[in-house]
Engineer: 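My structure is below; once you've seen it, I'll send some questions.
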Amino acid sequence: MNCRGLIDKLEQEKTLSFSEWVILLSSYSKADRLYAAGKAGMIAQKHYGKKVFIRGIVEFSNICSNDCFYCGIRKSNALLKCYNMSDELILECCRTGWENGIKTFVLQSGEAGKCNLMRLTGLIQQLKSRFSNCAVTLSLGELSFDEYKLLREAGADRYLLRHETANEAHYRQLHPDNMNLANRMECLYSLKKLGFQTGCGIMTGSPYQTPETLAEDMLFMHSLQPEMVGIGPFIPHKDTPFANFPAGSVELTLMLLSLCRIMLEKTLLPATTALGSLIPGGRTMGILAGANVIMPNLTPADVQKNYLLYNDKLSADKPVADAVGALSKELSAIGYEFDFGRGDFGGRIC
Ligand code: SAM
């Protein structure tokens with residue numbers, strides 16, 4: 001079967017075999033990619049209209065106990081200026097987002113485990129009481145089932161935890177020995193079990209990635225049925241062991257966004273900051289490929305510069321209102337607009 005036949009099959013059956021994924025991912029052309037994007041766009045519109053959900057991300061701490069080889073905030077990066085925003089400042093950032101119509105707050109940080117836990121439960125409760133019916137998404141890394149449970153009970157709605165790769169050997173090439181894929185996957189299943197709208201995901205073009213490892217990612221995502229999928233290009237950071245690897249490609253990122261949309265029809269799919277950092281207009285290209293979420297950064301500009309996961313990260317140097325206005329314009333140029341609702345999976349309120 002040729003690539004178009006495989007894309008048609010994916011649309012009908014919602015999955016492919018391992019070998020079919022490998023054929024598709026190793027031999028698609030630009031025309032095939034656009035064929036997939038056409039289908040993905042129609043599917044996104046069927047479920048969400050020509051609307052894009054808006055989330056405000058607060059990168060509240062860059063302190064991390066992990067040492068992922070690709071990441072600019074890894075613990076061995078001695079050049080990093082560490083920060084941990086106060087609760088007050090986090091709430092102030094969210095207020096600015098709220099005043100600009102944003103109803104989902106994404107709190108992301110490096111892995112500080114238990115240190116973050118108690119303050120996070122308090123913060124979630126504060127957000128929920130100050131900003132009526134807002135949604136809270138967390139992206140704090142790997143915790144135990146009971147810790148996730150505490151966060152869920154405090155009111156958190158969603159959790160993003162990219163699995164990074166579903167292939168064990170590839171996982172080993174991206175991470176030090178004290179991290180393991182089985183635990184990461186276990187975390188994702190725990191989050192699902194606790195009723196979080198759960199997001200997994202990968203970096204496209206991460207070092208040592210192959211069509212075979214990507215095929216495993218697609219099969220894993222099909223079995224997990226995540227409510228969100230984060231897919232953005234790997235971009236090197238100069239102070240990491242992967243400084244000299246090339247960035248992932250825009251084309252592959254767009255193709256994977258489209259294939260995810262076709263496979264997991266209703267999933268919430270961000271057009272990522274990394275895609276926007278790699279190419280001007282990258283986020284609107286992502287929307288046209290089937291993405292339906294954009295996450296403007298609410299972190300203060302002078303703090304954001306220390307949350308450099310990769311070089312040349314798009315930074316929000318303008319006030320939130322201007323950033324939202326500029327993104328709205330970009331969207332309207334392609335016939336889309338922001339949806340200022342909570343933006344739950346499939347319209348579901350949790
Ligand atoms: N500590 C949490 C975790 O691991 O899920 C959240 C923070 S972590 C920095 C968020 C994501 O950034 C990672 O899942 C990874 O995919 C992405 N990331 C890290 N380094 C990157 C790079 N060099 N290029 C693109 N994305 C990167």
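Residue numbers start at 1 and run along the sequence shown. Whatever order the structure lists them in is the order used to number ligands and atoms, beginning at 1.
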Engineer: In terms of side-chain heavy atoms, does Glu147 have a donor or acceptor partner in Ser144 at a distance below 3.5 Å?
Structural biologist: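 Side-chain D/A pair, Glu147 to Ser144: present.
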Engineer: Identify the protein heavy atom lying closest to atom 13 (C) of ligand 1, giving its residue, its atom name and the separation to 0.1 Å.
Structural biologist: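 Result: Glu164 OE2, 3.3 Å.
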Engineer: If you measure only the distance, is there a donor-acceptor pair under 3.5 Å linking the side chains of Asn292 and Arg261?
Structural biologist: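 Yes.
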Engineer: For atom 9 (C) of ligand 1, grab the closest protein heavy atom and report residue, atom and distance to one decimal in Å.
Structural biologist: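 So the nearest neighbour among protein heavy atoms is Leu309 CD2, 3.4 Å.
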Engineer: Distance to 0.1 Å, residue and atom name: give those for the protein heavy atom nearest to atom 5 (O) of ligand 1.
Structural biologist: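 Sorting protein heavy atoms by distance from atom 5 (O) of ligand 1 puts Arg184 NH2, 3.2 Å first.
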Engineer: State whether the shortest distance between N or O atoms of Glu111 and N or O atoms of ligand 1 falls below 3.5 angstrom.
Structural biologist: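 Yes, Glu111 has an N/O under 3.5 Å of an N/O on ligand 1.
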Engineer: For atom 27 (C) of ligand 1, find the nearest protein heavy atom and state the residue, atom name and distance (0.1 Å precision).
Structural biologist: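 For this ligand atom, the closest protein heavy atom is Met203 SD, 3.5 Å.
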Engineer: How close does the nearest protein non-hydrogen atom get to atom 25 (C) of ligand 1, and which residue and atom is it?
Structural biologist: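 I find the closest protein heavy atom is Pro233 O, 3.3 Å.
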Engineer: With ring centroids as reference points, do Phe340 and Phe53 lie under 6.0 angstrom apart?
Structural biologist: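 Between Phe53 and Phe340, which both carry aromatic rings, the centre distance is not below 6.0 Å.
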Engineer: Looking at ligand 1, is there an atom of it that comes within less than 4.0 Å of some heavy atom belonging to Tyr307?
Structural biologist: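 So Tyr307 counts as touching ligand 1.
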Engineer: To which protein heavy atom is atom 10 (C) of ligand 1 closest, and what is the distance rounded to 0.1 Å?
Structural biologist: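 For atom 10 (C) of ligand 1, the nearest protein heavy atom is Gln108 NE2, 3.8 Å.
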Engineer: Under 4.0 angstrom from atom 3 (C) of ligand 1, is there any protein heavy atom?
Structural biologist: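 Answer yes: something from the protein, a heavy atom, is under 4.0 Å.
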Engineer: Strictly by modelled atom types, are Arg162 and Ser139 linked by a side-chain donor-acceptor pair under 3.5 Å?
Structural biologist: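 Per modelled atom types, Arg162 and Ser139 side chains form no pair under 3.5 Å.
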Engineer: How far is atom 7 (C) of ligand 1 from its nearest protein heavy atom, and which residue and atom is that?
Structural biologist: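 For this ligand atom, the closest protein heavy atom is Ser109 O, 3.4 Å.
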Engineer: Around atom 24 (N) of ligand 1, find the nearest protein heavy atom and jot down its residue, atom name and distance.
Structural biologist: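 For atom 24 (N) of ligand 1, the nearest protein heavy atom is Ile235 N, 3.1 Å.
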Engineer: Could you verify whether a donor N or O on one side chain and an acceptor N or O on the other, from Tyr307 and Gln108, lie under 3.5 Å apart?
Structural biologist: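 Present: a donor and an acceptor within the cut-off.
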Engineer: Given a cutoff of under 4.5 Å between side-chain heavy atoms of I, L, V, M, F, W and Y, with clusters grown through shared members, what are the other residues clustered with Tyr70?
Structural biologist: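 Members alongside Tyr70: Phe69, Leu174, Met203, Tyr208, Phe234, Phe242, Phe245.
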Engineer: Any side-chain donor-acceptor pair under 3.5 Å between Thr165 and Asn167?
Structural biologist: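 Result is no, nothing qualifies.
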Engineer: Would Ser139 count as a contact residue for ligand 1, given that I'm defining contact as a non-hydrogen atom of the residue lying under 4.0 Å from a ligand atom?
Structural biologist: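 It does, in that a heavy atom of Ser139 comes within the 4.0 Å cut-off of ligand 1.
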Engineer: Using the side-chain contact (heavy atoms from CB on, under 4.5 Å) definition, which of the options Lys75, Glu164, Met179, Glu111 pairs with Cys68?
Structural biologist: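 For Cys68, the side-chain contact (heavy atoms from CB on, under 4.5 Å) test succeeds with only one of Lys75, Glu164, Met179, Glu111, which is Met179.
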